[in-house]
Amino acid sequence: MTVQEKIHEYLSVHRDEMVEDIKTLIKVDSARAEALPGKPYGEGAAEALLAGLSLFEKHGFLGKNWDNYAIDTVINRKELGLDILAHLDVVPGGDGWTKTTPFEPIVEDGKMYGRGTSDDKGPAVAALYAMKAVRDLGFELDKDVRLILGSDEECGSSDIAYYFGKNTHAPMTISPDADFPLVFLEKGSLHTTFTAEVSLEEGLPRVRSAVSGIKVNVVPAKADAVVEGMTADEMNKYVKEAEDETGVKFTVSLVEDGALMIHADGVSAHAASPMDGNNALTALLKLLSSLPLAESKTKTLLHNVTTLFPHGDYCGGGLGVNLEDEISGKTTLTLDLFELNDTKMSGTFDCRACNSATEENTKNVVQKKLSDAGFEPNDSPLNPPHYVPKDSELVKTLLETYTDVTGEVREPLAIGGGTYVHHIENGVACGCADPSVDNHMHGPDEFVIIDQLVMSAEIFALAIVKLCGK
């Protein structure tokens with residue numbers, strides 16, 4: 001039998017055991033909670049790490065707990081060659097589940113449902129079984145493999161910063177927390193908040209208030225504003241034009257003092273792919289700036305912010321940073337938070353910067369545009385892109401291994417999001433998701449296809465042999 005055939009047979013035999021181990025982890029609500037003494041991310045995250053250590057021990061691996069930030073284990077204690085970096089924390093369970101409750105895993109029609117099945121407890125166990133297969137089948141390795149399981153990936157990755165403050169990186173790193181075949185480029189990011197002082201001027205019509213957004217990395221689906229000095233009939237003309245131009249639905253209602261409440265309903269999306277949504281905030285700003293408002297500083301600023309963030313511009317054209325390159329594609333940019341009250345106007349945008357982005361051609365350009373428009377931007381740094389060349393040993397070997405196991409030839413991916421490896425040299429995110437399958441990650445009824453997870457373990461095991469074997 002070939003190496004691949006032996007690994008395939010081994011993992012097929014241990015398939016059901018792998019499923020039960022994943023269930024053990026899913027049952028722990030490991031969403032970040034209030035810090036406790038010795039438990040920086042709360043009780044649940046610490047319990048998940050303890051459960052992970054128990055799995056290490058169960059399968060004959062010696063594990064170590066790094067102060068309830070992360071746990072790790074290795075195969076052979078030789079010179080370190082490869083890190084596999086996954087996480088045991090999850091986003092909150094949330095509502096709307098129909099198959100089961102978030103932390104009561106079930107298997108149905110070849111799928112396992114539960115919070116963390118695909119992100120990232122299932123992939124973490126797949127990585128553990130890959131190491132177990134390599135060890136139990138007796139494949140000799142020149143280099144060691146280290147599995148690191150963290151507990152704060154969903155809320156900033158301070159766990160890994162702590163871990164690598166006490167440990168050195170391996171020469172190569174993979175993180176099973178993305179799509180197959182692998183992610184070779186993660187765009188840079190820039191989150192900037194801008195503000196301006198305003199006052200509630202006497203002239204009418206005027207915009208009294210406006211608000212939109214829930215998180216900087218979420219394209220807002222809803223936005224609201226209060227306008228004084230116009231009738232509903234007068235407003236409806238402008239509303240109809242804005243609806244036709246934006247595709248966003250507006251509702252106008254009367255509030256107690258005779259002012260009009262305008263509500264916008266758009267479509268939410270992740271800021272890494274803003275074109276998948278329809279931004280209710282920028283549509284509302286377009287409507288407000290089209291109204292026959294009395295001359296005021298607020299009117300001028302509304303016009304300026306609409307010019308800088310025009311509805312439907314998801315590439316930063318209004319701010320002059322619509323860059324593009326062959327490696328990563330286009331920069332994306334979306335205004336996701338906004339508030340106007342009687343003293344201040346403020347907004348925050350999310351920018352995913354292409355590989356050619358720099359402080360000079362992105363951050364500095366944005367800062368000047370905002371300042372010239374009457375806003376004061378905060379001095380947020382550009383988080384640089386993360387890039388591992390396609391011709392590197394790591395990328396070539398992982399792509400080759402993916403093809404060996406699946407029979408498919410796929411190009412590596414460039415994404416707008418960031419993963420655990422964003423600041424790790426020669427680190428790529430690899431699996432375990434199929435980009436053609438919606439695993440409902442972070443949503444209700446999150447699931448993983450069990451056969452896909454077993455196949456992932458096979459890919460990881462074969463990659464270990466190729467990257468670290470004799």
Q: Between Asp451 and Arg15, does any NZ, NE, NH1 or NH2 come within less than 4.0 Å of an OD or OE carboxylate oxygen?
A: yes
Q: I want to check something: taking the side chain as every heavy atom from C-beta on, are Asp350 and Leu333 in contact at a cut-off of under 4.5 Å?
A: no
Q: Examine distances only and state if a side-chain atom of Ser175 and a backbone atom of Leu85 form a donor-acceptor pair shorter than 3.5 Å.
A: yes
Q: Once rounded to the nearest 0.5 Å, what's the spacing between atom OG of Ser151 and atom CG of Leu49?
A: 4.5 Å
Q: Between Ala357 and Ala353, what is the shortest heavy-atom contact and its length?
A: CB-CB, 3.4 Å
Q: Any side-chain donor-acceptor pair under 3.5 Å between Asp83 and Tyr420?
A: no
Q: I'd like to know whether the aromatic ring centres of His191 and Phe349 sit less than 6.0 Å apart in this structure.
A: no
Q: Ignoring hydrogens and geometry beyond distance, is a side-chain donor-acceptor pair present between Thr98 and Asp445 at under 3.5 Å?
A: yes
Q: Ion pair present between Asp21 and Lys23, side-chain N to carboxylate O less than 4.0 angstrom?
A: no
Q: Go through the side-chain N and O atoms of His442 and Asp119 and say whether any donor and acceptor fall under 3.5 Å apart.
A: yes
Q: Just by distance, with hydrogens left out, do Asn304 and Thr307 show a side-chain donor and acceptor under 3.5 Å apart?
A: no
Q: Can you tell me if Asp313 uses its side chain to pair, donor with acceptor, with the backbone of Gly318 under 3.5 Å?
A: yes
Q: Between Ile450 and Val19, does a side-chain contact (heavy atoms from CB on, under 4.5 Å) hold up when you go through it step by step?
A: CA-CA 8 Å; Ile450 295 171; Val19 167; 3.8 Å; yes
Q: May I ask you to test the Asp67-Tyr162 pair for a side-chain heavy-atom distance under 4.5 Å?
A: yes
Q: Under 3.5 Å, is there a donor-acceptor pair linking the side chains of Asp233 and Thr231?
A: no
Q: Ignoring hydrogens and angles, tell me if any N or O in the side chain of His386 forms a donor-acceptor pair with the backbone of Glu425 under 3.5 Å.
A: no
Q: Whether the side chain of Asn341 engages the backbone of Lys344 through a donor-acceptor N/O pair (distance < 3.5 Å, no angle test) should be reported.
A: yes
Q: Verify, without hydrogens or angle tests, whether Asp89 (side chain) and Glu153 (backbone) share a donor-acceptor contact under 3.5 angstrom.
A: yes
Q: Tell me whether Asp372 at atom CG has more than 12 heavy atoms from other residues, nucleotides or ligands lying less than 6.0 Å away.
A: yes
Q: Is a side-chain N or O of Lys121 found less than 3.5 angstrom from the main chain of Leu25, in a donor-acceptor match?
A: yes
Q: Determine the minimum heavy-atom distance between Pro384 and His422, stating which atoms define it.
A: O-NE2, 2.8 Å
Q: Indicate whether any N or O donor in one side chain lies under 3.5 Å from an N or O acceptor in the other, for Glu186 and Thr419.
A: yes
Q: Could Asp152 and Arg32 be called an ion pair, given the rule that one side-chain N must be under 4.0 Å from one carboxylate O?
A: yes
Q: Determine the sole option in Asp276, Asn279, Val218 for which the side-chain contact (heavy atoms from CB on, under 4.5 Å) test with Ser268 is passed.
A: Val218
Q: Enter the distance from Ser199:OG to Lys297:NZ here, rounded to the nearest 0.5 Å.
A: 7.5 Å
Q: Glu243 and salt bridge (Lys or Arg N to Asp or Glu O under 4.0 Å): which single residue from Lys237, Lys249, Lys286 fits?
A: Lys249
Q: When you look at Val226 and Val207, which way does the side-chain contact (heavy atoms from CB on, under 4.5 Å) test go after all the steps?
A: CA-CA 6 Å; Val226 176; Val207 180; over 6 Å; no
Q: Using the rule side-chain contact (heavy atoms from CB on, under 4.5 Å), only one of Leu337, Asp336, Leu335, Thr192 pairs with Thr348; which is it?
A: Leu337
Q: How close do Ala48 and Val28 get, heavy atom to heavy atom, and via which atoms?
A: N-CG1, 3.8 Å
Q: How far apart are the C-alpha atoms of Met345 and Leu302, what are their side-chain angles, what is the distance that settles it, and do they pass the side-chain contact (heavy atoms from CB on, under 4.5 Å) test?
A: CA-CA 9 Å; Met345 182 185 294; Leu302 282 171; 4.0 Å; yes
Q: Check for a donor-acceptor pair, side chain of Glu446 on one end and backbone N or O of Asn439 on the other, with a separation under 3.5 Å.
A: no
Q: Any donor-acceptor pair under 3.5 Å linking the side chain of Glu197 with the backbone of Thr343?
A: no
Q: Check residues 394-401 and write down every donor-acceptor pair under 3.5 Å in which the side-chain atom is one partner and the other belongs to a residue at least two apart or another chain.
A:
unit_1	atom_1	unit_2	atom_2	d
Thr397	OG1	Glu393	O	2.7
Glu400	OE1	Lys466	NZ	2.9
Thr401	OG1	Thr397	O	2.7

Q: Are Glu324 and Cys354 side-chain neighbours, meaning at least one heavy-atom pair lies under 4.5 Å?
A: no
Q: My understanding is that only one of Thr246, Thr306, Asn278 makes a side-chain hydrogen bond (donor to acceptor under 3.5 Å, both in side chains) with His311; could you say which?
A: Asn278
Q: Go through it in stages, so that I can follow the logic: the residues are His270 and Asn217, the test is side-chain contact (heavy atoms from CB on, under 4.5 Å), and I'd like the CA-CA distance, side-chain angles, deciding distance and then a yes or no.
A: CA-CA 6 Å; His270 194 288; Asn217 64 347; 4.1 Å; yes
Q: Can you check ring-ring contact (aromatic ring centres under 6.0 Å, His included) on His263 and Phe250, steps first, answer last?
A: CA-CA 5 Å; His263 176 73; Phe250 294 94; 9.1 Å; no
Q: Check whether any side-chain heavy atom of Leu149 lies under 4.5 Å from a side-chain heavy atom of His87, and answer yes or no.
A: no
Q: Check Lys99 with Glu108, please: is the shortest side-chain N to carboxylate O separation under 4.0 Å?
A: yes
Q: Suppose we screen for salt bridge (charged side-chain N to carboxylate O under 4.0 Å, His left out). Which residues come up paired with Lys363, at least two apart in sequence or across chains?
A: Glu359, Asp379
Q: Would you mind telling me which of Asp257, Asp224, Asp342 makes a salt bridge (Lys or Arg N to Asp or Glu O under 4.0 Å) with Arg208?
A: Asp257
Q: So, using ring-ring contact (aromatic ring centres under 6.0 Å, His included) as the criterion, who are the partners of His440 when residues are at least two apart?
A: Phe447
Q: Can you check whether Ile262 reaches Thr251 side chain to side chain, under 4.5 Å on heavy atoms?
A: no
Q: Given Tyr41 and Tyr69, is the ring-ring contact (aromatic ring centres under 6.0 Å, His included) satisfied, shown in steps?
A: CA-CA 8 Å; Tyr41 310 119; Tyr69 284 86; 5.6 Å; yes
Q: Side chains of Lys240 and Asp244: closer than 4.5 Å at any heavy-atom pair?
A: yes
Q: Taking Ser157 for the side chain and Ile160 for the main chain, is one N or O donor matched with an acceptor at less than 3.5 Å?
A: no
Q: Are the side chains of Lys187 and Thr331 in touch, meaning some heavy atoms are under 4.5 Å apart?
A: no
Q: Can Lys390 be said to sit on top of Phe184's aromatic six-ring, NZ or CZ under 6.0 Å from centre and within 45° of the ring axis?
A: yes
Q: Just checking Lys215: does its NZ atom have more than 12 heavy atoms from other residues, nucleotides or ligands closer to it than 6.0 angstrom?
A: no
Q: Ignoring hydrogens and angles, tell me if any N or O in the side chain of Asp179 forms a donor-acceptor pair with the backbone of Pro181 under 3.5 Å.
A: no
Q: Using the ring pair (Phe, Tyr, Trp, His ring centres under 6.0 Å) rule, pick out the option among Phe194, Phe338, Tyr314 that qualifies with Phe309.
A: Phe194
Q: Taking side chain as C-beta onward, heavy atoms only, is Tyr113 less than 4.5 Å from Val107?
A: no
Q: Counting neighbours of CD on Glu326 that are heavy atoms of other residues, nucleotides or ligands and sit closer than 6.0 Å, is the number greater than 12?
A: no
